[in-house]
Amino acid sequence: MPELPEVEIYCRYFARHALQQNIEHVRVLDERILGDVRKEKFEQLFEGREFVAVRRHGKHLFAETGDVWLHLHFGMTGDLAYFRGDAPRFAKVVFDFDNGSHLAFEDMRLFGIVDVPPDPNSFIADHHLGPDPLDRAFTLPVFRRLLATRRGAIKSLLMSQEIIAGIGNLYADETLFDTSVHPRRSVDRLSDDQVKKIYQSMRRILRETIARKERGAGYPKRYLIHHREEGDRCPRCGGSIARTVVFGRTTYFCRKHQRL
DNA sequence: CCTATAGCCTGACGGC
DNA sequence: TGCCGTCAGGCTATAG
C-alpha cells in the first residue's frame, strides 16, 4: 500500500532509471488506469520526449518532460518496474526507451491513476492537497494551525489528504502507537505536548522508513506493523493489540498504552 | 464540520 | 480440485 515513504522510493527509482532517455513508444495496455486523458492522446503526448526530473507531493509522483507532466498515483497495488524483455504481469502503461529498456506502471487492482496534469502545483491546488509532512515548510506551528480549527478522531485527520498529504492507514497507526495516543482521540482534546510528539514521531517514522527501504532493510522491530493482528502482544509494553475501524479503515492499537 | 457507507477492483486465503 | 465469501485499503461520492 504505497504511502509517502513508498512513493519517495518510487521517485528515486524513477530518477535512477528513467531520466534523460528518449521515449520511442508508449503503450497503454489497460485504458482504465488513465484519468482524464484518452489512450491515443496519452501515447502521442510522450512519444519523442524524455523525462528530465521527478518530484513527489504526498503519495503523488510527478515526472517532467519539459512541457508535459506525467502524474502517477499508486492506489493500493501500484508499482514501477524498469526492465528489458517482457512486461510484468500487471503492467498497465509501458514507456519504451530507445536504449531497449522499458518503464512499466503496474497496478493489479486498478486503484491507481496515470494522467497528465497541467503541472504539479495546479494539481495540488485542484485536488486540495494539504502540505507534504517532509516539506521544509511543514513546521510544528504549521501542524498546530492545521489541527487548531478541527475536531474529530486524530487518525481521521492524519489520513485526510486535504490536511496532510501522504499519510495512509499504516503510518497513521504507527505514529499513534509510537506516541501512545488512541486513534479515536479527539483532536481538540490533545495536549500541546501530544501534538508536538505526533508531529515529531510522524516525521521521524517517515524519514526512518525511507532510509531503511532505500538500503533494502525492513521496519524496526519496535514497530506496530509486525503486530497487526487482534490479540497480538504489544512489542513495547506487552499489552494486547486491539483491532477496530476508524475512518473506515482497519485500525490496530495497543489497549494498554494507547488509552482513550 | 464530521462520520459512515458503498463502490471501484482483483488476488490471496480460509472453509467446505 | 475448485467454488465461494471475505478481506485488503487507495480514493470519491453521497447520505445522515
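Every chain is numbered from 1, with letters handed out A, B, ... down the list of sequences. These numbers come from the heavy atoms of this one structure, side chains and all, not from hydrogens, waters or symmetry mates.
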With ILVMFWY side chains joined below 4.5 Å, transitively, what does [X]'s cluster contain besides itself?
X         : result
Met76(A)  : Phe111(A)
Phe247(A) : Met159(A), Val246(A)
Trp69(A)  : Phe62(A), Phe123(A), Ile124(A), Leu129(A)
Leu29(A)  : Phe83(A), Val94(A)

Return the orientation label for the [X] and [Y] ring planes: parallel under 30°, perpendicular over 60°, tilted otherwise.
X        : Y         : result
Phe95(A) : Phe46(A)  : perpendicular
Phe51(A) : Phe97(A)  : perpendicular
Phe74(A) : Phe105(A) : tilted

Taking the six-membered ring for Trp, are the ring centroids of Phe253(A) and His182(A) within less than 6.0 Å of each other? yes
With sequence neighbours excluded, tell me which residues meet salt bridge (charged side-chain N to carboxylate O under 4.0 Å, His left out) with Arg12(A). Glu8(A), Glu214(A)
With a 3.5 Å cut-off and no angle check, do the side chains of Ser180(A) and Arg259(A) form a donor-acceptor pair? no
Letter by letter from the 5' end, nucleotides 10-16 of chain C scores (B base, S sugar-phosphate only, - none; protein heavy atoms under 4.0 Å) BB-----
Take the protein atom CD of Glu229(A) and the nucleotide atom C1' of dC7(C), then report the distance between them rounded to whole Å. 14 Å
At the 4.0 Å heavy-atom cut-off to chain A, mark where contacts on DNA chain B begin and end, going 5' to 3'. dC2(B) to dG11(B)
Between Gly248(A) and Phe90(A), which residue's closest nucleotide on DNA chain B lies nearer the 5′ terminus? Gly248(A)
What residues form a side chain to side chain contact (heavy atoms under 4.5 Å, CB included) with Glu43(A), not counting sequence neighbours? Val26(A), Val28(A), Lys39(A), Glu47(A)
Mind checking what makes side chain to side chain contact (heavy atoms under 4.5 Å, CB included) contact with Glu40(A), not counting sequence neighbours? Arg38(A)
For a quick check of understanding: with a heavy-atom distance under 4.0 Å over all strands, which category does Thr250(A) fall into, base, sugar-phosphate or nothing? sugar-phosphate
Secondary structure of DNA chain B per the Watson-Crick/G-U criterion (both distances under 3.5 Å; [ ] crossing, | other strand, . unpaired) is .|||||||.|||||||
For DNA chain B, what residues of residues 143-153 of chain A have any heavy atom nearer than 4.0 Å? Arg150(A), Arg151(A), Gly152(A), Ala153(A)
Among residues two or more places apart or on two chains, list those pairs meeting salt bridge (Lys or Arg N to Asp or Glu O under 4.0 Å) that have a residue in residues 114-143 of chain A. Arg56(A)-Asp132(A)
Between dC3(C) and dC9(B), how far apart are the two P atoms, rounded to whole Å? 23 Å
